[in-house]
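Predicted, not measured: the structure shown is a model, and the values here were computed from it. Chain identifiers are assigned alphabetically (A, B, ...) following the order of the sequence lines, protein sequences preceding nucleic acid strands; residue numbering begins at 1 within each chain.
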Amino acid sequence: MKTLKKQLTDGIQRALESLSYPGKDFSLAPPNNPDFGNISSNIALLLANDLKTSPLEIANAIANELQSAVLDHIESITVTPPGFINFFIRNSFFQSSIKSIRKAGNSYGRGIVGRGKTANVEFVSANPTGPLTVGHGRNAVLGDSIANILEWNSYEVTREYYYNDAGRQMHILGQSVEARYFELCGRKSNFPEEGYQGEYIREIARQILDRRGTELGSGSHYFKDDAEKEIFSEIKNSLKRLGIHFDHFSNEKTFYENGAIDQFIMELKKKDLIYEKDGATWFRATALGKEKDRVYIKTSGEPTYRVPDTAYHRDKLERKFDLIVDIFGADHADSYPDVLLALQAMGLDTSPIKVLLYQFVTLMRDGQKVKMSTRKANFVTLDELKNDLGADVVRYFFIMRSMNTHLDFDLDLAADQSDKNPVFYLQYAHARICNIIKHGKEKGIKETSSFQDGQLTHEDELNLIRHMVHFPELIETTHDTLEPQNIANYLQELAARFHRFYGQCRVITENKELSKARLGLVSAVKIILGNGLSILGITAPERM
RNA sequence: GCCCCGGUAGCUCAGAUGGAUAGAGCAUCUGCCUUCUAAGCAGAAUGUCACAGGUUCGAGUCCUGUCCGGGGUACCA
């Protein structure tokens, strides 16, 4: 399809030249209405103004030029008001694509824009203060799918998790565990005002008690360190259950220890972008066009999160990735620009960094919004969600809609309606195909690469193929948008066309040749479904 | 006040770079399983695409303003 489009683009450009029309950036897209062919172009409409001629006239002139050119796979060219040029593609083009899809197999659709390039996708990045919640789930699934999309475009991808292990949150975590430990020991305890109240804190304290006895003193580093270790290992398990793994972990402590933070603050100081006021250290963002200066080091002596984050992003830039993707919740919307600003002030090129913000997930339970807070232990964990709904459903729910919109996750509904979940619609198509292939085998009709693709002439067959051939372009566009729901939408449409075909056309029949051709067709659909689902991280079952 | 995201069918949401009659699922109604999986298919019904201007041959899509909802605007991350 891509080469065909390229051919048409070139053809139109040549026509423009020979007619001495000016060049224009025109579109070449499939129209909704089949009466307008398989691809149509708006070129004439775009030229009308410049040429002061009616678009229909221009369209006819271009179409005339094209008629005399040699264009492969084009059956006919028409012009329709207000001035579209429509191309009708021969069935043979679509029919023959089946064999190329089958030949490419599980690499059908792979793009090459990222060939030889590296990408870093940072996601989840939850601090190890408690179990992952639903909000982290959206982040995790988005990030993993986006990493997959980049891999499908030939990038070498590093999946990275960054966490703060030196800040206030971790300090409070340690204090919370300590208090619970003292309680268990029957010693006097003092639970911090903003401590983490979850039951998991008690369990960690109990483990520490078992492992290290009752004699730990106040302020022992074990409270924080053991808790961090334990919680982190739980986080990794939760992610694993959703099929998510990481290649690299970074933490803020590193940047304190290796001097990176002192280093960059020094650099900014030299540029007069750091100053002291009210006992705090400030970043002079206003000098760089921002509205407010930002605190870098609090009066307490602790740096704000911006500081290690900036060092961390500098580190990522210095690792020379061609593309750096950050997946952040909407609450970061106001903070990452400061990080970028500081990096630019240091003379770094931040253009490889692409920040993706997703809106919050609102959980609905019993028709009520569930307010969540890790600290108050009032949350639904990702594990609970996964256990109730299964990994496939959880993943699909998080990517089926745009990250720009709030996600209302109705827990009761999701559980009740799990039969009717759209993810099953896709998986069912895949399972159906597997069953057809199996059935064919039993009837002695094997799936083979030699079949007469010209047998595939039914309207529902062609309609299915017409959608199939767009898959490679989809992978490419999704590389630009980085919106996994584009893939989910595409697959829904593919499954719909398959199910319709299934209702209209019987695959295994007495007609051997037709059966073989249709087996070829459905196996190609299976390939695309499988490839698409794997990008979304969802299984493609053989049976349901 | 300022910044970000959203406002599309009764509900939840899709609408690839502006394109030719605005889509799906759920919910409602009508058909279809002695035939490869009915977790499916076919059909019916449902809309001032928040509102008002503007740009354009053409706007759900781009620009401006207004209204509504969510989030941010910390010496919390």
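Counting non-hydrogen atoms under 4.0 angstrom, A/Arg500 reaches the backbone sugars and phosphates but no base. Counting non-hydrogen atoms under 4.0 angstrom, A/Ser402 reaches the backbone sugars and phosphates but no base. Residue A/Ala333 is classed as having no contact, given no heavy-atom separation below 4.0 Å to the nucleic acid. Here A/Glu302 lies out of heavy-atom contact (under 4.0 Å) with every strand. Using a 4.0 Å heavy-atom criterion, one finds that A/Thr478 contacts no nucleic acid atom at all. Across all strands shown, A/Leu474 has no heavy atoms under 4.0 Å from either base or sugar-phosphate atoms. Residue contacts shown for A/Asp309 are absent, as no nucleic acid heavy atom lies under 4.0 Å away. Residue A/Lys292 is in sugar-phosphate contact alone, with no base atom involved, counting any heavy-atom pair closer than 4.0 Å across all strands shown. Residue A/Asp338 is classed as having no contact, given no heavy-atom separation below 4.0 Å to the nucleic acid. Counting non-hydrogen atoms under 4.0 angstrom, A/Ala431 reaches a base of the nucleic acid. Among the atoms of the strands shown, base atoms are found under 4.0 Å from some heavy atom of A/Phe84. Residue-level contact check: A/Cys505 touches the bases, meaning some heavy atom is under 4.0 Å from a base atom. Counting any heavy atom pair closer than 4.0 Å across all strands shown, A/Glu476 reaches no nucleic acid atom.
For B/C49, the base adopts the anti conformation, since its glycosidic angle falls more than 90 degrees from zero. Glycosidic conformation at B/A24 (O4'-C1'-N9-C4 for purines, O4'-C1'-N1-C2 for pyrimidines): anti, more than 90° from 0.
Defined by atom type and a distance below 3.5 Å, a donor-acceptor pair is present between the side-chain atoms of A/Glu160 and A/Tyr312. Defined by atom type and a distance below 3.5 Å, a donor-acceptor pair is missing between the side-chain atoms of A/Asn486 and A/Thr477. Side-chain atoms of A/Asp326 and A/His332 include no donor-acceptor pair closer than 3.5 Å.
Partners of A/Asp165 under the side chain to side chain donor-acceptor pair (under 3.5 Å) rule, at least two apart in sequence or in another chain, do not exist in this structure.
Stacking of A/Phe36 onto the six-membered ring of B/A20 is present: less than 5.5 angstrom between centres, less than 30° between planes.
The list of salt bridge (Lys or Arg N to Asp or Glu O under 4.0 Å) pairs with a residue in residues 501-515 of chain A, not counting sequence neighbours, reads A/Glu513-A/Lys516.
For A/Thr405, whose side chain is taken as the heavy atoms from C-beta onward, the closest listed nucleotide among B/U17, B/G6, B/A20 is B/G6. For A/Tyr502, counting side-chain heavy atoms from C-beta on, the closest listed nucleotide (B/A77, B/C75, B/C36) is B/C36.
For A/Leu426 and B/G25, the CG to P distance is 13 Å, given to the nearest whole Å. As rounded to whole Å, 15 Å separates atom P of B/C5 from atom CG of A/Asp331. The distance between atom CG of A/Leu45 and atom P of B/A59, rounded to the nearest whole Å, is 13 Å. Between the P atom of B/C76 and the CD1 atom of A/Ile172 lies a distance of 10 Å, rounded to the nearest Å. Atom-to-atom, CD of A/Glu252 to P of B/A77 comes out at 9 Å; the value is rounded to the nearest Å. Residue A/Phe424 contributes atom CZ, which lies 16 Å from atom P of B/C41 at whole-angstrom precision. In this structure, CG of A/Leu340 is placed 15 Å from C1' of B/C4, rounded to the nearest angstrom. Put simply, NE2 on A/His439 is 4 Å from C1' on B/C36, counting in whole angstrom units.
Between the base of B/A20 and the side chain of A/Asn42 there is no donor-acceptor pair shorter than 3.5 Å. At a cut-off of 3.5 angstrom, the base of B/A16 holds no donor-acceptor pair with the side chain of A/Thr481. Counting distance only, with no hydrogens placed and no angle test, the side-chain atoms of A/Thr304 and the base atoms of B/A74 include no donor-acceptor pair under 3.5 Å.
For the P atom pair drawn from B/C29 and B/U66, the interatomic distance equals 46 Å after rounding to whole Å.
Sparse packing is recorded around NZ of A/Lys443, with 12 or fewer heavy atoms of other residues, nucleotides or ligands lying under 6.0 Å away.
Phosphate proximity of B/C36 to A/Arg518: absent, as no side-chain N or O sits under 4.0 Å from OP1 or OP2.
The partner of B/U73 is B/G1, by the rule that a Watson-Crick or G-U pair needs both atom distances under 3.5 Å.
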